[in-house]
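Remarks on the structure that follows.
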Amino acid sequence: MNHPFDDAFFLQPTVEVARALLGALLVRTLPEGRLVGRIVETEAYLHDDPACHGVRELPDGGTIHKQTARNTAMFGAPGHAYVYFTYGNHFMFNVVTGPVGLPEAVLIRALEPLEGLEIMARNRRLDDPRQFTNGPGKLAQAFIINKTLDGHDLTQPPLQLFQGEPVTEVVTTTRIGISRAMECPYRFYEKGNAWVSRK
DNA sequence: AGAGCGATGGCCT
DNA sequence: GGCCATCGCTCTA
């Protein structure tokens, strides 16, 4: 738990970063203790991708970048957090990738809980570890990730990302819950892992 | 100023 | 596996 990623890592093509973040460790420092989760499911969102928040689709089918109050962090520095709110209830945690000005990010969809399970149970208000972090809204609730962490530098507490053991068996699929660019194979998860949100 | 919507979750069959 | 409650927030008018 002592090797942060450098900028060069996040400047690789975002699809490769999404794949390579499997196995990485997310560490949340809270007053009541430390939470650690291992990333087991991710999705890539790209600068020419109609499903990406930083992108607007034009009538002729083309795309343009569109920076707004919500998605500003996505246009910012790589290795920082992009956190947004949706469905009136849920926060989504992304890792910003690519150079400043290019709206790309990796959505963290699931974690395998490693440390701080009692605190996660409290935050989630349930006892089944399988339900702590097996979805993007769930892991944000378990780790208390909200708008205050939007734009946060992930090399610094209270939310940090560290290298882990590489994942060898990776499954690639289409993304979940989107209505555009549904055919793109931009979702990655660790084969057989019990915390993957959906097969 | 407000209509529309969503990178979900949870519960039900 | 499918459906739908939910509701704050964002963007556009």
Side-chain angles (χ1 to χ4, degrees), chain A residues 10 14-15 17-19 21-22 24 26 37 39-59 63-76 78 80-98 102-113 120-152 154 159 161 171-190 194-199:
Chain A
F10 298 109
T14 295
V15 167
V17 177
R19 160 75 180 70
L21 278 175
L22 296 177
L26 186 68
I39 296 173
V40 297
E41 180 181 347
T42 62
E43 285 178 0
Y45 287 85
L46 310 185
H47 73 93
D48 57 354
D49 168 9
C52 176
H53 286 169
V55 174
R56 215 47 76 70
E57 195 163 20
L58 298 169
T63 56
I64 55 166
H65 297 172
K66 176 75 175 177
Q67 187 171 337
T68 66
R70 176 173 73 158
N71 66 26
T72 292
M74 212 185 206
F75 285 82
H80 288 231
Y82 166 45
V83 180
Y84 69 91
F85 184 79
T86 192
Y87 288 107
N89 309 292
H90 308 295
F91 290 98
M92 302 285 129
F93 167 60
N94 298 251
V95 178
V96 176
T97 59
L102 196 74
E104 301 203 341
V106 175
L107 172 68
I108 307 303
R109 286 194 54 90
L111 303 170
E112 176 178 343
M120 294 183 206
R122 276 213 296 284
N123 294 343
R124 289 279 293 130
R125 299 188 195 90
L126 48 76
D127 294 324
D128 179 3
R130 293 285 201 280
Q131 296 298 319
F132 289 171
T133 51
N134 62 332
K138 296 178 185 181
L139 74 87
Q141 186 181 35
F143 275 57
I144 313 187
I145 294 173
N146 55 42
K147 206 66 183 156
T148 65
L149 289 168
D150 187 36
H152 173 75
L154 294 170
L159 187 64
L161 206 50
V171 179
T172 304
T173 72
T174 55
R175 295 173 292 186
I176 307 271
I178 57 171
S179 55
R180 296 180 309 206
M182 299 174 67
E183 70 287 356
C184 297
Y186 294 164
R187 173 171 174 257
F188 306 92
Y189 65 84
E190 182 179 37
W195 281 268
V196 170
S197 67
R198 185 191 131 184
K199 303 283 180 177

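So you know, we letter chains A, B, ... as the sequences are listed, proteins then strands, and number each from 1.
Using a 4.0 Å heavy-atom cutoff across all strands shown, M182(A) reaches no nucleic acid atom at all. Heavy atoms of R124(A) sit under 4.0 angstrom from primed sugar atoms or phosphate atoms, though from no base atom.
Residue T173(A) comes nearest to K199(A) through the heavy atom pair CG2-O, 4.5 Å, listed as atom of the first residue, atom of the second, then distance. P50(A) and R180(A) get closest at one heavy-atom pair: O-NH2, 2.9 Å. When all heavy atoms of I39(A) and T42(A) are compared, the closest pair comes out as CG2-CG2, 3.5 Å. When all heavy atoms of L22(A) and E190(A) are compared, the pair lying nearest together is CD1-N, 4.3 Å.
In this view, K147(A) and D150(A) satisfy the salt bridge (charged side-chain N to carboxylate O under 4.0 Å, His left out) rule, not counting sequence neighbours. Not a single ring-ring contact (aromatic ring centres under 6.0 Å, His included) links H90(A) to another residue, sequence neighbours left out.
Going from the C1' atom of dG9(B) to that of dT10(C) covers 22 Å, rounded to whole Å. Here the separation of dC11(B) from dG8(C), taken at their C1' atoms, is 23 Å to the nearest Å. For dT12(C) and dA7(B), the C1' atoms lie 22 Å apart once the distance is rounded to whole Å.
Residue K138(A) places at least one side-chain N or O under 4.0 Å from the OP1 or OP2 atom of dG10(B). Of the side-chain N and O atoms in H53(A), one or more sit less than 4.0 angstrom from OP1 or OP2 of dA7(B).
Atom CG of D127(A) sits in a sparse spot, with 12 or fewer heavy atoms from other residues, nucleotides or ligands closer than 6.0 Å.
Mapping Q131(A) and Y82(A) onto DNA chain B by nearest heavy atom places Y82(A) at the nucleotide closer to the 5' end.
Under the salt bridge (charged side-chain N to carboxylate O under 4.0 Å, His left out) criterion, the residue pairs touching residues 41-53 of chain A are E41(A)-R109(A), E41(A)-R187(A), E43(A)-R109(A), D49(A)-R175(A), with sequence neighbours excluded.
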inquiry  = Both atom distances under 3.5 Å, Watson-Crick or G-U wobble: I'd like the secondary structure of DNA chain C as a dot-bracket string, with | for pairs made across strands.
reply    = |||||.||||||.
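Stacking of R124(A) on the aromatic ring of F132(A) is not recorded, the 6.0 Å distance cut-off and the 45° axial limit not both being met.
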Can you pull every protein N or O that's under 3.5 Å from an N or O on nucleotides 3-12 of chain C?
residue : atom : partner : partner atom : Å
dC7(C)  : O2   : G88(A)  : N            : 3.4
dC11(C) : OP1  : T68(A)  : OG1          : 2.2
dT12(C) : OP1  : R56(A)  : NH1          : 2.6

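Under a 3.5 Å cut-off, the side chain of N146(A) and the backbone N or O of T148(A) do form a donor-acceptor pair.
Heavy-atom distances under 4.0 Å link DNA chain B to L107(A), R109(A) of residues 104-112 of chain A, given in residue order.
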